[in-house]
Amino acid sequence: MPRLEIAADGFRLDDRPFRIVSGALHYFRVHPEQWADRLHKARLLGLNTVETYVPWNLHARRRGEFRLDGGLDLPRFLHLAAAEGLHVLLRPGPYICAEWEGGGLPSWLLAEEGIALRSRDPRFLRAVDEYLGALMPPLLASLGSRGGPVLAVQLENEYGAYGDDPGYLADLAGLLRRHGVDVPLFTCDQPSDLARGGLDGVLRTANFGSRAEAGLVRLREHQPDGPLMCSEFWIGWFDRWGGTHAVRDADDAAAELDRLLAAGASVNIYMFHGGTNFGFTNGANDKGTYRPTVTSYDYDALLDEAGDPTPKYTAFREVIAKHAPVPDEPVPAPAPKLGHGPVALTQCAPLLAQADLLGSAEEAARPLTMEELGQDFGFVLYETRLPDGGPALLQAEDVRDRAQVFVDGQPVGVLEREGREHALAFAVPRPGARLTVLVENQGRVNYGPAVHDRKGLLGRTAVGGREPALWSSRALPLDDLAGLSFTASDPKSPPVGPAFHRGHFDVARPADTFLALEGWTKGNVWINGFALGRYWSRGAQATLYVPAPVLRAGRNEITVLELHASTTATVELRDHPDLGPTEE
């Protein structure tokens, strides 16, 4: 594929004028067996390019390790894009935001006391250097300069909303170049942040979802010549637990796209296909109040969470056809869906009683953070002994993010990060009783200075005004449940407290489906060992998307971790999603 050039009058490809018409598609939010399908639908829309972030924290869950296999096989994704005739905009971070856990920054960075993320802190830049040294060599053949699909690479991400140190951006640019990136670099910022987020000699682009003309004017003020591009044209939005499902009118979004393209600008539609925050990968926002993002990243995008074209897809295709070639091919119909119905969960494994099968404990004079334990996702289980019986008051300086408290295995209350006072009163039945605190990482903050988001019990944790002399801290990443021992459960009396529930169901022909958990409170779900994500009766999201490749013909296994209690022993596989109510 020809190399992209940045000229005074716009982009050029193969020495011809070129407009980037792109859509965001994150490979890590889509099952790898569905990548080709999503890419094909991108081309049929009229896109000539797709954009993807790269989540550093998933590729390198531990320092010194780096994965490019399975659902993280980025070289394969790039190959599939090229095979579909699509170019690629690559956004490797190191910070990506993306409503993704920690903005893509690996949690092990936070094991360094006082580290300044997204800065010239030598410890951070050294880690970035290691990251790019592992990421880029397998990708160099995919750069446009070597005949591959990657037209350009992003330098950082909306840095102007975080800092204003051009020296940091220059250091990053130097690292990218040193690791072989010889295609154009670009930055992206919201219009009000363009001055702080740009770097001389690097293409500036803008992010916005409305008032396109004004956004382009602001971009031109900071970049007198060269291409005009909106790198994130927001056509929907993400959802948070306790909120409503965000939607945007298709005609309104399409009309704004029309104005953007009529102005001669290039565009990256965010999102073309949102996908899913599988497992524990959702991020969170904290602008004074902590708000974790839901499992679905449907984003009210052109393809819904299951990859089916929406009315917005049709509306955008008609607009793109006014400004660029659109393939004269039919758009695939929605894929078949599986409506299996109820599934009985007939077996149970209490979490507290089997915690030693899920992770090893470390003893210390205080609770250890997740990062100190070398853990990224999941839960931490803290335990200590209470010397006295009678009334007690647990006081935790900082809870990150949600703590369930037990005395001798009995639940006595919950502490949440967003609460103003992290204090809980309870009765201790006997001297030497065991205090257990199960803390859930509900998603590290992905935007703003709060990305320095350590997890667990932070700061002073006291009972009756005194700090216990010895704590046990046990990492529970829950990435391997094979060692659990299940027994038959009583459907008339579901167990209370954190417990795994397991059931089986048969499928003749695997297809996409949606798991409903009515009557359940809060927890996580796995099917055939694949981590679907979190559920919470708080809503808005009420079903979890199950990709067809997760299922197999014949016997399938479902495991639900319920943190509190349920009023039922069944879940249901439906042929339609429920992402919750929308605002009127």
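In this text, all values refer to a predicted model and were calculated from it rather than measured experimentally. We count residues from 1, following the sequence as given.
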Hey, is Glu397 close enough to Arg460 for a salt bridge, meaning N to O under 4.0 Å? no

How close do Val128 and Leu175 get, heavy atom to heavy atom, and via which atoms? CG1-CD1, 4.0 Å

Validation row: Ile320, Arg317 side chains within 4.5 angstrom (heavy atoms): no

Under the side chain to side chain contact (heavy atoms under 4.5 Å, CB included) rule, what do Asp239 and Thr293 come out as? Steps first, then yes or no, please. CA-CA 6 Å; Asp239 297 342; Thr293 303; over 6 Å; no

Check whether any side-chain heavy atom of Leu117 sits under 4.5 Å from a side-chain heavy atom of His452, and report yes or no. yes

What's the spacing between Met136 CE and Ser142 OG if we round to 0.5 Å? 8.5 Å

What one should report as the nearest heavy-atom pair of Ala206 and Leu219 is N-CD2, 4.2 Å

Centroid separation His245 to Tyr299 less than 6.0 Å: no

Below 4.5 Å, heavy atoms only, C-beta onward: do Cys230 and Thr205 meet side chain to side chain? no

With a 4.5 Å cut-off on side-chain heavy atoms, are Leu216 and Leu260 touching? yes

Contact between Asp398 and Leu457 at the side-chain level, heavy atoms closer than 4.5 Å - yes or no? no

ring-ring contact (aromatic ring centres under 6.0 Å, His included), paired with Phe28, selected from Tyr53, Trp56, Trp100: Trp100

Under a 3.5 Å distance rule, please check whether Asn57 uses its side chain to pair with a backbone N or O of Pro106 as donor and acceptor. no

Could you walk me through whether Asp286 and Arg417 pass salt bridge (charged side-chain N to carboxylate O under 4.0 Å, His left out), step by step? CA-CA 11 Å; Asp286 191 345; Arg417 174 171 175 163; 3.2 Å; yes

ring-ring contact (aromatic ring centres under 6.0 Å, His included) pairs, two or more places apart, involving residues 152-203: Tyr159-Tyr168

Neighbour count above 12 (heavy atom, 6.0 Å) for Glu113 CD: no

Assess whether atom CG of Asp69 is packed by more than 12 heavy atoms of other residues, nucleotides or ligands within 6.0 Å. yes

Interatomic spacing from CH2 in Trp536 to NZ in Lys522 - rounded to 0.5 Å: 5.0 Å

Salt-bridge present (Asp189, Arg204; N to O < 4.0 Å): no

Atom pair CH2 (Trp35) and CZ (Arg76), whose distance is rounded to the nearest 0.5 Å: 5.5 Å

Asp453 vs Arg400, test: salt bridge (charged side-chain N to carboxylate O under 4.0 Å, His left out). Steps then yes/no. CA-CA 8 Å; Asp453 191 9; Arg400 304 283 183 91; 2.9 Å; yes

Taking Asn446 for the side chain and Ala284 for the main chain, is one N or O donor matched with an acceptor at less than 3.5 Å? yes

Heavy-atom side-chain contact between Ile6 and Phe11 under 4.5 Å: yes

Can you tell me how far CZ of Phe316 sits from CG of Leu47, rounded to the nearest 0.5 angstrom? 10.5 Å

Carboxylate-amine/guanidinium contact Glu51 Arg91, below 4.0 Å: yes

Answer yes or no: is there a donor N or O on one side and an acceptor on the other, between the side chain of Glu99 and the main chain of Phe238, under 3.5 Å? no

The test is side chain to side chain contact (heavy atoms under 4.5 Å, CB included); show your working for Cys188 and Asn157 and say whether it passes. CA-CA 6 Å; Cys188 75; Asn157 184 65; 3.6 Å; yes

Answer yes or no: is there a donor N or O on one side and an acceptor on the other, between the side chain of His273 and the main chain of Asp304, under 3.5 Å? yes

Keeping the roles fixed (side chain from Tyr131, backbone from Gly93), state whether a donor-acceptor pair exists under 3.5 Å. no

Side-chain touch Leu78/Leu74, heavy atoms, less than 4.5 angstrom: yes

For residues Tyr447 and Ala161, report the shortest heavy-atom separation together with the two atoms involved. OH-CB, 3.1 Å

Give a yes-or-no answer on whether the side chains of Asn282 and Arg534 include a donor-acceptor pair shorter than 3.5 Å. yes

Does the pair Thr369 and Val380 meet the rule for a side chain to side chain contact (heavy atoms under 4.5 Å, CB included), with working shown? CA-CA 8 Å; Thr369 67; Val380 177; over 6 Å; no

Is Glu418 paired with Arg538 through a side-chain N to carboxylate O contact shorter than 4.0 Å? yes

With the threshold set at 4.0 Å, does a side-chain nitrogen-carboxylate oxygen contact exist between Arg61 and Asp376? yes

Closest approach of Thr295 to Leu532 (non-hydrogen atoms, all atoms of both residues): CG2-O, 3.6 Å

If we ignore hydrogens and angles and just use 3.5 Å, is the side chain of Lys312 paired with the main-chain N or O of Leu303 as donor and acceptor? no

Is there side-chain contact between Leu194 and Arg218, with at least one heavy-atom pair below 4.5 Å? yes

Do Tyr535 and Asn524 pair up side chain to side chain, a donor and an acceptor below 3.5 Å, judged on atom types alone? no

Glu371 bridged to Arg454 by N-O distance under 4.0 Å: no

To the nearest 0.5 Å, what is the distance between CG (Leu72) and NE2 (His59)? 4.5 Å

Is a side-chain N or O of Arg211 found less than 3.5 angstrom from the main chain of Gly215, in a donor-acceptor match? no

Looking at every non-hydrogen atom in both residues, tell me the closest pair between Val439 and Gly456 and how far apart they are. CG1-CA, 3.9 Å

Who pairs with Phe278 by ring pair (Phe, Tyr, Trp, His ring centres under 6.0 Å), at least two apart in sequence or on another chain? Phe530

Return yes if some donor-acceptor pair links the side-chain N/O of Gln154 with the main-chain N/O of Glu156 below 3.5 Å, else return no. yes

Kindly indicate, with the supporting measurements, whether the criterion side chain to side chain contact (heavy atoms under 4.5 Å, CB included) is fulfilled by Asn48 and Phe18. CA-CA 10 Å; Asn48 56 33; Phe18 180 71; 3.7 Å; yes

Any ion pair linking Asp258 and Lys322 (charged N to carboxylate O, less than 4.0 Å)? yes

Which residue, Asp129, Leu132, Leu155, forms the side chain to side chain contact (heavy atoms under 4.5 Å, CB included) with Leu172? Leu155

Output yes when a side-chain donor or acceptor of Asn268 lies under 3.5 Å from a complementary backbone atom of Ser231, and no otherwise. yes

Ring of Tyr297, cation from Arg29 - is the NZ or CZ under 6.0 Å from the centre and inside 45° of the axis? yes

Just by distance, do the side chain of Gln375 and the backbone of Phe377 share a donor-acceptor pair under 3.5 Å? yes

Any idea which heavy atoms bring Leu140 and Gly180 closest together, and the distance? CD2-O, 3.6 Å

Out of curiosity, Arg402 CZ to Gln442 CD, how far, rounded to the nearest 0.5 Å? 6.5 Å

Go through the side-chain N and O atoms of Ser296 and Glu305 and say whether any donor and acceptor fall under 3.5 Å apart. yes

